[in-house]
Amino acid sequence: MQPSLSLCMPHSPNSLALDSCSSLTSPNLRFCGLRREISGFSVPSQLKRGQFIRAKRLIFPRKAQASPAKVSASSDDNGSPPKSFDYDLTIIGAGVGGHGAALHAVEKGLKTAIIEGDTMGGTCVNRGCVPSKALLAVSGRMRELQDQHHLKALGLQVSAAGYDRQAVADHANNLASKIRSNLTNSLKALGVDILTGMGRILGPHKVKYGKVGFSDNVVTARDIIIATGSVPFVPKGIEVDGKTVITSDHALKLEFVPDWVAIVGSGYIGLEFSDVYTALGSEVTFVEALDQLMPGFDPEISKLAQRVLINPRKIDYHTGVFATKITPAKDGKPVIIELTDAKTKEPKDTLEVDAALIATGRAPFTNGLGLENINVETQRGFVPVDERMQVKDKDGNLVPHVYCIGDANGKMMLAHAASAQGISVVEQVTGTDHVLNHLSIPAACFTHPEISMVGLTEPQAREKAQKEGFEISVAKTSFKANTKALAENEGEGLAKLIFRPDNGEILGVHIFGMHAADLIHEASNAIALGTRVQDIKFAVHAHPTLSEVLDELFKSAKVNARGTRPIREPIAV
C-alpha cells in the first residue's frame with residue numbers, strides 16, 4: 001500500500017512541495033515552505049514543465065463543504081502530468097481576459113493552452129482600449145497646444161499647432177503592435193501553448209480548432225474558458241461601408257479626418273471619439289436615443305461633463321431620437337441620416353454629414369462556439385453564467401468544467417473586468433471558492449478631462465436604499481481646492497462619494513477631472529476590501545498631489561459609526 005502525502009502548492013513551478021505535518025482539509029489551498037526530502041521521499045530539485053503538483057487534479061469541490069474531507073494523493077501520482085487530458089485548462093480567445101486567465105493559470109501550476117482565431121490581444125489591444133488611448137494622447141496634446149488662454153496663464157507662448165494624420169495613425173498602430181507582441185512573448189515565456197484557429201467546443205472537455213481551409217485539430221482539457229469578446233453593434237437600417245459610415249474598428253485607423261462627423265451614441269466610445277475628432281478640427285453632431293447625453297454616467301457628473309466637454313466645443317446634439325437609416329456617401333452625395341422620434345416613432349429630421357461613426361455599443365462574439373454541443377443557448381448572444389462565471393445550459397443547470405468570461409457573458413463589458421473574471425475562474429478550478437465583486441470594478445472615459453466611476457450612481461444607490469431600508473449620504477469635493485490641480489491650471493473637476501452614514505459603507509465614487517482614471521482606484525480597492533469611510537479617512541496622502549482630492553472627499557463624509565481600525569501601538573522612528 002502506497003503511503004499517502006498531503007499537498008501544499010509550490011512557490012515555483014520548478015519545485016515540488018510536500019508537507020507531512022499538515023493536510024489539506026478544505027478546498028482552500030494554503031501555502032507552505034519548500035522541503036526537498038520528507039519522510040524518506042526524495043524530490044528532484046528540477047522538473048520539466050508540467051511535472052509539478054496540480055492541486056486541481058485532487059480537489060474537485062468548487063464550493064466550500066460543510067464537513068470538508070481530507071484531500072491527499074499517493075506518492076506515485078505526484079508531479080505527473082494529467083493522463084486523461086491534453087491540458088488542465090484551455091482558453092478560447094486571447095484577448096485581455098484570456099491572457100489574464102492564462103497568466104494566473106500558469107502561476108497556479110496548470111498546463112494551459114490558449115486558442116486565438118484572429119490576432120493576439122483581441123479587441124482591446126487591436127481595435128479598442130490600446131489604439132484609442134494613442135489617439136487620445138494626441139488629442140490631449142493638441143488641446144493643450146491650442147488653448148492659448150491656458151498657456152498664457154502658465155506664461156507660455158506657442159505658435160499654431162498642427163498634426164500629420166498618417167503619423168498619428170501610425171502611432172496608434174505601432175502601439176497596438178508593440179502590446180500585441182508583448183502579450184505573445186509573455187505567454188510563450190511562461191510555457192503557454194498558443195493554438196491558432198477558431199475554437200469550437202465539441203463536447204465535455206473537448207475543443208476543436210483550426211484555420212479555414214486547413215484540417216482541424218482536437219485537444220482535450222479538464223476545464224474550458226470561453227473568452228471570445230465582442231464586436232461593434234450596428235443597429236438595423238445602418239449601412240456600414242468602412243469609409244464614410246464606420247464603427248470604432250474603422251475609426252481607430254484614422255484614414256481621414258472628416259470636416260463634419262455624426263456620432264451615433266454618447267457613451268464611452270462616442271465621447272472619446274468626440275474628443276479626438278474635435279481636437280483634430282472636426283465638427284461633431286451626437287445622435288442619442290435617450291433623453292440626455294451620457295446616460296450611463298451619474299447624472300451630476302454628466303451635467304458637469306456636458307458643460308466642459310460638449311458645450312464649449314464644436315459639438316451639437318440631438319437627443320431622444322433614433323438613427324433609423326444611414327446611407328453612406330456616394331456619387332458626390334453626403335452621408336444621409338434619417339432621425340426618428342424615440343417615443344412617437346415618427347420621422348423627425350434628416351442630417352447630411354461627411355461621415356458617421358456608429359458608437360452604439362458592442363455585441364458578444366459567440367457564434368460558432370459549438371454551444372449546442374453542451375446544451376447551451378445564448379441570451380441575446382450572451383453566454384449565460386452564474387456568479388462564478390460557470391456556464392449554464394438551457395435548462396438553467398451548470399455545465400461542469402465550462403466557464404465564460406468578459407464581453408461574451410455580458411456582465412460588465414470592460415477589458416479589466418474580463419481579466420478579473422478569468423483570474424476568479426482559475427481560483428475556482430484550483431479549489432478556492434472565489435466570487436468577484438463587480439461593484440468594485442472601476443470604469444473610465446479618457447476624455448480631457450477624464451471621467452471615472454466605481455460602484456453605484458446616486459439614483460441607483462437611492463433605489464437600493466429605498467428597497468432595503470437604509471439611508472444614504474453624498475459628499476463632494478472640487479478640484480479647485482486642490483493645490484496640484486491649481487498648479488497645473490486644471491481646476492475644473494468634481495469628486496463625489498455616495499455612502500451609508502450608519503455604517504460607512506462606500507456605495508459609489510464618481511470623479512470628473514484631471515487624471516480621474518488614475519484616482520478612482522483608491523475607491524475601487526476600498527470597495528473590494530470592504531474598507532469603510534471611517535477607516536479610509538485615516539489614510540495619508542502625499543502633498544501636493546491630486547490624490548488629496550479623494551483624501552478631502554473621505555474626510556468630509558459624516559459617518560455615525562465608529563472606526564473599525566485595529567488598534568496598534570505607536571512605533572517610534
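When a residue number appears, it is its place in the shown sequence, counting from 1.
- Asp298 places a side-chain N or O within 3.5 Å of a backbone atom of Glu300 that can act as its donor or acceptor partner.
- With a 4.5 Å cut-off on side-chain heavy atoms, Leu456 and Arg462 do not count as touching.
- Among residues two or more places apart in sequence or in another chain, the side-chain hydrogen bond (donor to acceptor under 3.5 Å, both in side chains) test is passed with Glu288 by Ser266.
- Glu116 places a side-chain N or O within 3.5 Å of a backbone atom of Ala94 that can act as its donor or acceptor partner.
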Item to check | CA sep, side-chain torsions, deciding dist, call: Ser132, Leu252, side-chain contact (heavy atoms from CB on, under 4.5 Å) | outcome: CA-CA 6 Å; Ser132 68; Leu252 289 166; 3.6 Å; yes

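- Between Glu463 atom CD and Glu458 atom CD the span is 13.0 Å, to the nearest 0.5 Å.
- In this structure, the side-chain contact (heavy atoms from CB on, under 4.5 Å) partners of Asp147, at least two apart in sequence or on a different chain, are His149, His150.
- No side-chain heavy atom of Ser440 sits under 4.5 Å from any side-chain heavy atom of Asn525.
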Next on the checklist: Asp433 vs Arg388, test: side-chain contact (heavy atoms from CB on, under 4.5 Å). Steps then yes/no.
Outcome noted: CA-CA 9 Å; Asp433 189 36; Arg388 292 174 175 80; 2.6 Å; yes

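- Side chain of Thr360 to backbone of Gly265: no donor-acceptor contact under 3.5 angstrom is found.
- Taking all atoms of both residues into account, the shortest heavy-atom contact from Leu414 to Asp407 is N-OD1, 3.7 Å.
- Under the ring pair (Phe, Tyr, Trp, His ring centres under 6.0 Å) criterion, Phe297 pairs with Tyr268, not counting sequence neighbours.
- The closest side-chain heavy-atom distance from Ile423 to Leu436 is not below 4.5 Å.
- Around NZ of Lys303, the count of heavy atoms belonging to other residues, nucleotides or ligands within 6.0 Å does not exceed 12.
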Checklist entry - Checking side-chain contact (heavy atoms from CB on, under 4.5 Å) for the pair Thr531/Phe554: CA distance, chi angles, key distance, verdict? => result CA-CA 12 Å; Thr531 307; Phe554 292 123; over 6 Å; no

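- Taking Ser248 as the reference, nothing meets the side-chain hydrogen bond (donor to acceptor under 3.5 Å, both in side chains) condition, with sequence neighbours excluded.
- Residues Phe382 and Lys411 have side chains not in contact (no heavy-atom distance under 4.5 Å, counting atoms from C-beta outward).
- With hydrogens and angles ignored, the 3.5 Å screen pairs a side-chain donor or acceptor of Thr228 with a backbone N or O of Phe365.
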Checklist entry - Passes side-chain hydrogen bond (donor to acceptor under 3.5 Å, both in side chains), Ser139 versus Asp275? Steps please. => result CA-CA 7 Å; Ser139 71; Asp275 197 290; 3.0 Å; yes

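- Scanning all heavy atoms of the two residues, the minimum distance from Ile472 to Ala465 falls at CG2-CB, 3.6 Å.
- Screening Val559, Asn503, Ile506 for a side-chain contact (heavy atoms from CB on, under 4.5 Å) involving Arg532 leaves a single residue, Asn503.
- Residues Val399 and Gln390 are not in side-chain contact: their nearest non-hydrogen atoms beyond the backbone lie 4.5 Å or more apart.
- For Tyr317, the ring pair (Phe, Tyr, Trp, His ring centres under 6.0 Å) test picks out no residue, with sequence neighbours left out.
- Exactly one residue among Val429, Val383, Val385 makes a side-chain contact (heavy atoms from CB on, under 4.5 Å) with Tyr403. That residue is Val429.
- In this structure, the side chain of Thr112 engages the main chain of Leu110 through a donor-acceptor pair within 3.5 Å.
- Rounding to the nearest 0.5 angstrom, the gap separating the OH atom in Tyr277 from the CG atom in Leu357 is 5.5 Å.
- Residue Gln466 qualifies as open at atom CD: its count of foreign heavy atoms under 6.0 Å is 12 or below.
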Item to check | side-chain hydrogen bond (donor to acceptor under 3.5 Å, both in side chains) between Gln428 and Asp223, worked out | outcome: CA-CA 10 Å; Gln428 294 294 328; Asp223 294 290; over 6 Å; no

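- Side-chain atoms of Ser186 come within 3.5 Å of backbone N or O of Leu183 as a donor-acceptor pair.
- Within 6.0 Å of atom CG in Asn367, 12 or fewer heavy atoms from other residues, nucleotides or ligands are found, so the atom counts as exposed in its surroundings.
- Side-chain atoms of Glu144 and His448 form no donor-acceptor pair, as typed in the model, at a separation below 3.5 Å.
- Minimum heavy-atom separation, Leu309 to Ile451: CD1-CD1, 4.0 Å.
- Considering CG of Leu529 and OG of Ser524, their distance stands at 9.0 Å, rounded to 0.5 Å.
- Checking side-chain atoms of Thr378 against main-chain N and O of Arg380 turns up no donor-acceptor pair under 3.5 Å.
- A donor-acceptor pair is defined here as one N or O able to donate and one able to accept, closer than 3.5 Å; such a pair exists between the side chain of Glu272 and the backbone of Phe446.
- Inter-residue side-chain proximity for Val284 and Ile310 is flagged as unmet; no heavy-atom pair is nearer than 4.5 Å.
- Nearest approach of Ala289 to Ala342, heavy atoms of both residues: O-CB, 3.6 Å.
- Scored by the side-chain hydrogen bond (donor to acceptor under 3.5 Å, both in side chains) test, His416 finds no partners at all (sequence neighbours excluded).
- With values rounded to the nearest 0.5 angstrom, Lys108 atom NZ is found 5.0 Å from Thr432 atom OG1.
- In this structure a side-chain-to-backbone donor-acceptor pair under 3.5 Å is present from Thr366 to Gly381.
- The backbone N or O of Lys537 sits less than 3.5 Å from a side-chain atom of Lys555, completing a donor-acceptor pair.
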Next on the checklist: Set out, in order, the CA-CA distance, both residues' side-chain angles and the distance that settles side-chain contact (heavy atoms from CB on, under 4.5 Å) for Leu546 and Glu488, then state yes or no.
Outcome noted: CA-CA 10 Å; Leu546 291 173; Glu488 299 279 352; over 6 Å; no

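- When all heavy atoms of Val138 and His171 are compared, the pair lying nearest together is CG2-CD2, 4.2 Å.
- Between Lys484 and Glu548, the closest side-chain pair of non-hydrogen atoms is not below 4.5 Å.
- Using a 4.5 Å heavy-atom cutoff, the side chains of Val376 and Leu369 are not in contact.
- To the nearest 0.5 Å, atoms CD1 (Ile374) and NE2 (His401) are separated by 12.0 Å.
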Checklist entry - After noting the C-alpha distance and the side-chain angles of His515 and Glu490, does the key distance pass the side-chain hydrogen bond (donor to acceptor under 3.5 Å, both in side chains) rule? => result CA-CA 10 Å; His515 294 300; Glu490 295 282 357; over 6 Å; no

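- A pairwise comparison of heavy atoms in Ala557 and Leu497 identifies CB-CD2, 3.8 Å as the closest pair.
- Once rounded to the nearest 0.5 Å, the distance linking OG of Ser473 with CG of Asp502 reads 9.0 Å.
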